[in-house]
Amino acid sequence: MQIAVDLHSHSGYSGGVGKINLNAVATTMALKGIDVFGTGDCLHPAWNAQLREQLQETAKGIYQLPIHPHARFILQNEIVLTAPLLPSSRTRKSVHVVFLYPDFHTTDAVTCLLKKYKAKNTIGRPFVKLGSPVEVSRFLENVIDAAPDVLAFPAHAMTPDGIYGSHNPITYMEEFFGDFTNHIRLIETGLSADPEMLDRIPECRSLNFISNSDCHSAALNRIGREFTLLNVKSMDFSGIRNALTERDSILRTYEFNPREGKYFGTGHRKGKVGHTHDGIFIEPGTGNGLCPICGKPLTIGVMDRVLELVRTQKRPVNKHLSVRQFQHLIPLVEVIAVGLGQKSVSGKRVLKLYQTAIEACENEIALWQFPASELMSRLKDLPEPVVACILAVQANRFTFDPPGYDGEYGQLKIQVN
Ligand SMILES: [Zn+2]
Ligand SMILES: [Zn+2]
């Protein structure tokens, strides 16, 4: 059975976001075509209580709202682990890790464990302070001992707080995760990287990749902005868990184009001291790390961090056997807005055309799967420039030029014929 999953999100308790309403999430899931969604923040006491009150378990580890028969949830959260890389070092490094839980007994068990570790659990992401990579490994092993079926995987690998991010100057994952590295089967690509980039890092080639939205809102351009297509043997927690950890059950990931990300490239943005009129973007793999205009060190981008890991990881690796299937996508509301020449994705006309497109194609994921000729005839009621943009995105005729760098998003260019 083929299902679309988006297994990393946040509730309204993760700071900087409004209240998240599960009914609104379920409505957006149906429009997008997401079958299973991670609840986010499921160890936060207030959110955990709300999840228990509103959701009913309809299959082992699968939770649903009574009035939304197609929206399924899995208990999920993200924990921030912080530790110095070397016992002698004073600087702590933080790494975000996603956890999937089979039921509320296990969320209770891990909540107890967090208390033992005196972890901060007052915001959406619990924060666990540890003394060394050995302690990081012991903590993760204690989680698995307390809750055996829990699945843990490193979140958004290349962002500053991801395991390989620019804040974490490691060469191998074990420099942070210690011996627990041997249990890691899966890594999240995140918005700032895609499978092609991660596959260049030698130790990633033997891991499975998952792509999730990491969203903090029920909006149409947030839920499912990245997601993963899985082949599951059963629609329950263990069916999904097995598919994520076995080779070849991950059929395809849908990804942001990493060039969109604010830290894809290396450079200095316009507006910095010495850059009143123009920013400067340095092609990955070139330059000496210093700005040719102002002479100061450049803000190093994700792609250059990937190239650094490619250079420094010297151990022999088993190459991933199968080619990973993935596709770059832009949320449909954003494509429609571009087609209409509008900046806002929540304008009345944009939402009206979105509804028309979904009625013609069932949901957004289904829309992207139709052959171009059929898609064209299904979208016959949409304005021609909007259809042209949708077809161009489906055919991957879009890029971000210049790409994002030093805190600036990349500029979207859709190549309409
Ligand atoms: Zn995170
Ligand atoms: Zn500069």
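Computed from a predicted structure; not experimentally measured. Whatever order the structure lists them in is the order used to number ligands and atoms, beginning at 1.
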G40 backbone acceptor or donor facing Q76 side chain under 3.5 Å:
yes
Indicate whether the side chain of R138 and that of N142 have a donor and an acceptor atom separated by less than 3.5 Å.
no
Looking at H96, pick out the N, O or S atom nearest to the Zn ion (ligand 1) and give its name.
ND1
Only to 10 degrees, please: what angle do the SG atom of C291 and the NE2 atom of H275 make about the Zn ion (ligand 2)?
110°
ang(SG C294, the Zn ion (ligand 2), ND1 H268) rounded to 10° is 100°
If you check every N/O/S atom of E78, which is the one nearest the Zn ion (ligand 1)?
OE2
Got more than 12 heavy atoms from elsewhere within 6.0 Å of CZ, R269?
yes
Enter the distance from T299:OG1 to D406:CG here, rounded to the nearest 0.5 Å.
3.5 Å
